[in-house]
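The first residue in the sequence is number 1, and the count goes up from there.
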Amino acid sequence: PNSTALAGLDANNVDVWSINYNMGQLQHLEKSTIGISFHQPFLLSDFTTTNVVVGICSKKGAFGINYSNYGNDYFQINSTGFGYAMKLGENISSGIKLNYHHINLGEFYNSKSILSTDVGFAANLTNELHLGFSLINPTFSKIDDYANERIPTVIQFAAGYHFSPDLSLQAGIKKDMVYPLSFITAIQYSPNKKVSIRGGIGTNPSLASLGINVHLNQIQLVFATQIHQILGWSPDFGI
C-alpha cells in the first residue's frame with residue numbers, strides 16, 4: 001500500500017513491504033513485522049490482489065517471506081517468496097529473494113509453476129540522501145514458449161532526500177522490459193507521530209496517487225489509491 005501511495009516508487013521504501021519491491025531495504029527494518037494488504041486495480045474484483053508479508057529481524061540481517069494471490073476462478077496467480085537482506089558495508093545493504101509462482105488457468109487449461117529471483121540494493125550516502133535500486137526477475141523466467149511469454153522484468157532506481165524527520169521528497173525511474181520508461185516523483189509528510197501523508201505522480205502511464213498512514217501503538221493502518229487518467233481508481237488497504 002505504501003508503494004501505491006507513492007505512485008509505484010518503491011525501491012527506496014523502508015518497511016516490511018520492501019519484501020515485494022527491494023529486499024535490500026529490509027535490512028533497515030527496526031523490528032519484526034507482519035503485514036496484510038488488499039489491492040483492487042481499477043475497482044475490478046477480478047484483478048483483486050491479496051498480499052501477506054513477514055519481516056524477521058536478526059543480528060546478521062533480515063529475513064522476508066511473502067505470499068500473494070491474484071485473479072479469479074479462470075485465471076489465478078499464487079506467488080510465494082523467501083529472501084534475505086544484509087549489510088555490505090556501513091551504509092550499504094543488499095538482498096535477494098527466490099520466488100515460486102503457480103499459474104492456474106482454470107478447469108480446461110493447464111497450470112504452470114515457475115521460479116524467479118529478485119535482487120535489491122540500498123545506500124545511505126548521508127543522513128539526508130538515500131538511494132535504492134531493485135531488479136525484479138533478472139533471469140527473465142519464461143512462462144511459455146508461445147509469444148515468448150515471461151514473468152515481468154522490472155528495473156527501478158530511486159533517490160530520496162530527507163529535508164527533516166517529517167518531510168522527504170523522492171524521485172526515480174522505472175522500466176518494465178515491455179513498456180516505456182516511467183518517471184515518478186513522490187512526497188511524504190508527517191504532521192505528527194500518529195499520521196503520515198504520501199502522494200506521487202508518474203508517467204507512462206500518467207497517474208496520481210495519495211495515501212495516509214495511521215499509527216496506533218503497535219498497529220499501522222494504511223489507506224492508499226492511484227488514479228489512472230482513463231481507467232480510474234485503484235484502492236489499496238493494508239494493516
**Set of residues satisfying side chain to side chain donor-acceptor pair (under 3.5 Å) with respect to Asn204, sequence neighbours excluded** = none

**Message:** Quick check on the hydrophobic clustering: are Ile230 and Leu44 connected, directly or via other members, by side-chain heavy-atom contacts under 4.5 Å?
**Reply:** yes

**Request:** Give a yes or no on this: more than 12 heavy atoms of other residues, nucleotides or ligands lie within 6.0 Å of atom OH of Tyr100.
**Result:** yes

**Asked** CG of Asn12 to CD of Gln170: how many Å apart, nearest 0.5 Å?
**Response** 4.5 Å

**Message:** If hydrophobic clusters are built by linking Ile, Leu, Val, Met, Phe, Trp and Tyr wherever their side-chain heavy atoms come under 4.5 Å apart, do Phe42 and Ile77 end up in the same one?
**Reply:** yes

**Asked** Restricting to pairs with a member in residues 2-13, which pass salt bridge (Lys or Arg N to Asp or Glu O under 4.0 Å), not counting sequence neighbours?
**Response** none

**Request:** Identify, with sequence neighbours excluded, every residue that meets side-chain contact (heavy atoms from CB on, under 4.5 Å) alongside Leu167.
**Result:** Phe163, Ser164, Ile187, Tyr189

**Common cluster, Met177/Tyr179, ILVMFWY with side-chain heavy-atom separation under 4.5 Å** = no

**Asked** Is there side-chain contact between Val154 and Lys174, with heavy atoms separated by less than 4.5 Å?
**Response** yes

**Prompt:** Can you find a heavy atom in the side chain of Gln40 that is under 4.5 Å from one in the side chain of Ser45?
**Reply:** yes

**Message:** Which residues pass the side chain to side chain donor-acceptor pair (under 3.5 Å) test with Asp145, not counting sequence neighbours?
**Reply:** Lys142

**Asked** Looking at residues at least two apart in the chain, or sitting in another chain, which of them share a side-chain contact (heavy atoms from CB on, under 4.5 Å) with Ile151?
**Response** His101, Ile114, Asn137, Ser141, Ile143

**Asked** For Tyr161, what residues pass the side chain to side chain donor-acceptor pair (under 3.5 Å) criterion, not counting sequence neighbours?
**Response** none

**Ser93 side chain to Gly24 backbone, donor-acceptor under 3.5 Å** = yes

**Prompt:** Shortest non-hydrogen contact from Phe121 to Asn22?
**Reply:** O-ND2, 3.2 Å

**Message:** Filter on ring pair (Phe, Tyr, Trp, His ring centres under 6.0 Å), then keep only pairs touching residues 47-85, sequence neighbours left out; what's left?
**Reply:** Phe63-Tyr84

**Message:** How about CG on Asn148, more than 12 heavy atoms from neighbouring residues, nucleotides or ligands closer than 6.0 Å, or not?
**Reply:** yes

**Message:** Quick check: closest heavy atoms across Thr185 and Ala171, and the distance to 0.1 Å?
**Reply:** CG2-CB, 4.1 Å

**Asked** Is there a side-chain contact between Lys194 and Leu216, using heavy atoms and a 4.5 Å cut-off?
**Response** no

**Asked** If you round to the nearest 0.5 Å, how far is OG of Ser234 from CD1 of Ile227?
**Response** 9.5 Å

**Asked** Is Phe133 linked to Leu88 within one hydrophobic cluster, defined over Ile, Leu, Val, Met, Phe, Trp and Tyr using a side-chain heavy-atom separation of less than 4.5 Å?
**Response** yes

**Item:** Nearest atoms (heavy-atom pairs only) where Gly8 meets Gln156
**Value:** O-NE2, 3.3 Å

**Asked** With sequence neighbours excluded, what pairs up with Thr4 under the side chain to side chain donor-acceptor pair (under 3.5 Å) test?
**Response** Asp236

**Request:** Please tell me if the side chains of Thr153 and Pro138 come closer than 4.5 Å, counting only heavy atoms from C-beta onward.
**Result:** no

**Asked** What distance separates Asp166 CG from Lys193 NZ, expressed to the nearest 0.5 Å?
**Response** 10.0 Å

**Asked** Heavy-atom count around Asn192 CG within 6.0 Å, excluding the residue itself: above 12?
**Response** yes

**Request:** For side-chain contact (heavy atoms from CB on, under 4.5 Å), just list the numbers for Asn66 and Lys97, CA-CA rounded to whole Å, side-chain angles, deciding distance to a tenth of an Å, and then say yes or no.
**Result:** CA-CA 10 Å; Asn66 77 288; Lys97 182 163 70 97; 3.1 Å; yes

**Prompt:** Is it true that a side-chain atom of Thr33 and a backbone atom of Lys31 form a donor plus acceptor pair closer than 3.5 Å?
**Reply:** yes

**Asked** Taking Asn69 as the fixed residue, which of Asn78, Asn51, Thr49 is the one that meets the side chain to side chain donor-acceptor pair (under 3.5 Å) rule?
**Response** Asn78

**Request:** To the nearest 0.5 angstrom, please state how far the OG1 atom of Thr117 sits from the CD1 atom of Ile96.
**Result:** 6.0 Å

**Message:** Pair Cys57, Leu29 - check side-chain contact (heavy atoms from CB on, under 4.5 Å), show working.
**Reply:** CA-CA 7 Å; Cys57 299; Leu29 196 67; 4.1 Å; yes

**Asked** Applying ring pair (Phe, Tyr, Trp, His ring centres under 6.0 Å), which residue pairs with at least one partner in residues 3-41 are found, sequence neighbours left out?
**Response** none

**Message:** Asp15 vs Asn2, test: side-chain hydrogen bond (donor to acceptor under 3.5 Å, both in side chains). Steps then yes/no.
**Reply:** CA-CA 9 Å; Asp15 53 40; Asn2 287 335; 2.9 Å; yes

**Message:** As a quick check of understanding, evaluate side-chain contact (heavy atoms from CB on, under 4.5 Å) for Ile239 and Ile219, giving each step before the final call.
**Reply:** CA-CA 7 Å; Ile239 183 169; Ile219 296 175; 3.9 Å; yes

**Asked** Of all heavy-atom pairs between Leu131 and Phe157, which one has the smallest distance, and what is that distance?
**Response** CD2-CZ, 4.1 Å

**Request:** Mind checking side-chain contact (heavy atoms from CB on, under 4.5 Å) for Ala7 and listing every partner two or more places apart, or none if nothing turns up?
**Result:** Ile184, Leu207, Ser209

**Request:** Mind checking the CD1-CD1 spacing from Ile65 to Ile19? Nearest 0.5 Å is all I need.
**Result:** 8.0 Å

**Prompt:** If you round to the nearest 0.5 Å, how far is OG of Ser94 from NZ of Lys87?
**Reply:** 12.5 Å

**Message:** Does Ile201 have more than 12 heavy atoms from other residues, nucleotides or ligands lying within 6.0 Å of its CD1?
**Reply:** no

**Prompt:** Under 3.5 Å, is there a donor-acceptor pair between the side chain of Ser134 and the main chain of Gly120?
**Reply:** no

**Item:** Partners meeting side-chain contact (heavy atoms from CB on, under 4.5 Å) with His162 (sequence neighbours left out)
**Value:** His130, Ser168

**Asked** So, for Gln25 and Ser18, which heavy atoms are closest and what is the spacing to 0.1 Å?
**Response** CB-OG, 3.6 Å

**Asked** Which pairs pass ring pair (Phe, Tyr, Trp, His ring centres under 6.0 Å) with one or both residues in residues 215-236, sequence neighbours excluded?
**Response** Phe223-Phe237

**Complete:** Scanning both residues in full, the closest heavy-atom pair of Pro1 with Ala224 reads O-CB, 3.4 Å

**Message:** Assigning hydrophobic clusters by single linkage (Ile, Leu, Val, Met, Phe, Trp, Tyr; side-chain heavy-atom cutoff under 4.5 Å), is Ile212 placed with Ile36?
**Reply:** yes

